[in-house]
Amino acid sequence: MTQARAYTNIALIKYWGKSDITWNLPTSSSIGLTLDQLYTDTRVDLTDDLKQDLFILDGQLASNPRISKVLDFVRQQTGSHKYAKITSENHVPNSAGLASSASAFAAFALAASDSYGLPTDRPSLSRLARLGSGSASRSVYGGFSIWYQGYDHQSSFAQSILDPVDFGIRVIDVLTDKKTKKIPSSQGMQRAQSSLDYSNWLSQSKMQIREMIAAIKNKDIEKIGLIAERNAMGMHALNRSADKPFDYFAGETWAVINDIHRLYHAGIPAFATIDAGPNVKVITDSRSCQKVADQLKNFGEILIQKPGPGVVHV
Ligand code: PMV
């Protein structure tokens, strides 16, 4: 038996497209910041009497084909024929709306690698986590990390940019909507890739990766926020210009963004980033985060997060 814990990460430069669906290879590199409040604990037990993998999520029997996809790869690498019982718990305040495949697959990668005797160095864990969920490749690391696009299973993994780190950056989740997302990220990306602006977004993203690494190394929260916001807005513009257009934003999303812009123009560092759902995450600093939280609390539940650690045994 082995048990691992991993935390969620927020993409500052987004992964939004696959070049290979089987191996989950991305069309661009991405940068994430692992946070300290939301995590998943996953335990893997190997027993001889199982006839198939068994997955228990938050105390309930569940099914997720990506779990067996990862385990089939592990079994193929090790020559093992054993099935596993996977017990996973999401530690997310007030549950719905925040559950994350990033923390789940990063924790699972360590627990599974350990149980089956695969290497547990971080690049190897990052590759394995990627097979389950692309963003999970970054949650293997604490603080800031970059997931290199790569061109095959071996070359597509994440590495640390800066960790441990707390130069005052904070991320505030504004939970206007706790329902599960309408369009799963894999489907959203596939549709976004049909946008005529897609190749333009990819070249922008390449430049933003370089700018973001410099901003992180300079601990420049304003630059980090400005680049992240532009990158996120670009990702959502792709969705709106896809062949079959769609939008993760809701009315509340725009209302929160407008308030964030008002704060920024009043001299408070506050920048918006949004993933595959309507909730806004605000990038700010430790001095301003309470003020920003107070300003936005009427929109819904607020969660203030700091940089968090990489995957560990528990
Ligand atoms: O890896 P997935 O399927 O969780 O997709 C992540 C997509 C975004 O959260 C929107 C961007 C990212 O890089 O995390």
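First listed ligand is number 1; within each ligand, the first listed atom is number 1.
Proximity of Trp16 to ligand 1 is established by a heavy-atom distance of less than 4.0 Å. Every heavy atom of Ala102 sits 4.0 Å or more from the atoms of ligand 1.
Against a heavy-atom cut-off of under 4.0 Å, Ser185 is close to the following atoms of ligand 1: 2 (P), 3 (O), 5 (O). Applying the 4.0 Å criterion to heavy atoms of Met235 picks out, from ligand 1, the atoms 10 (C). For ligand 1, the atoms lying closer than 4.0 Å to a non-hydrogen atom of Ala11 are 12 (C), 13 (O), 14 (O). Taking every non-hydrogen atom of Gly134 and a distance limit under 4.0 Å, the qualifying atoms of ligand 1 come out as 1 (O). Those atoms of ligand 1 that come under 4.0 Å of a heavy atom in Ser101, given as number and element, are 4 (O).
Residues Ile224 and Lys219 are not in side-chain contact: their nearest non-hydrogen atoms beyond the backbone lie 4.5 Å or more apart. The closest side-chain heavy-atom distance from Ile227 to Ile13 is below 4.5 Å.
Applying the ring-ring contact (aromatic ring centres under 6.0 Å, His included) rule to Phe249 yields the partners His236, Trp254; only residues at least two apart in sequence or on another chain are considered.
Salt-bridge annotation for Asp243 and Arg191: absent, with no side-chain N of the basic residue lying under 4.0 Å from a carboxylate O of the acidic one. Looking at Asp72 and Lys69, no side-chain N of the basic residue comes within less than 4.0 Å of a carboxylate O on the acidic one, giving no salt bridge.
Within a 6.0 Å radius of CZ in Arg287, no more than 12 heavy atoms belonging to other residues, nucleotides or ligands are found.
Contact annotation: for Arg130 versus ligand 1, there are no heavy atoms closer than 4.0 Å. With a 4.0 Å cut-off on non-hydrogen atoms, Ser133 touches ligand 1 through its backbone as well as its side chain.
The closest heavy-atom contact to atom 1 (O) of ligand 1, among the options Gly17, Ser186, Gly277, Ser135, comes from Ser135.
In this structure, the side chain of Asp121 engages the main chain of Ser124 through a donor-acceptor pair within 3.5 Å.
The ring pair (Phe, Tyr, Trp, His ring centres under 6.0 Å) pairs that include a residue from residues 265-285 are Tyr264-Phe271, where partners are two or more places apart or lie in different chains.
Considering backbone and side-chain N/O atoms, Lys14 never comes within less than 3.5 Å of an N/O atom of ligand 1.
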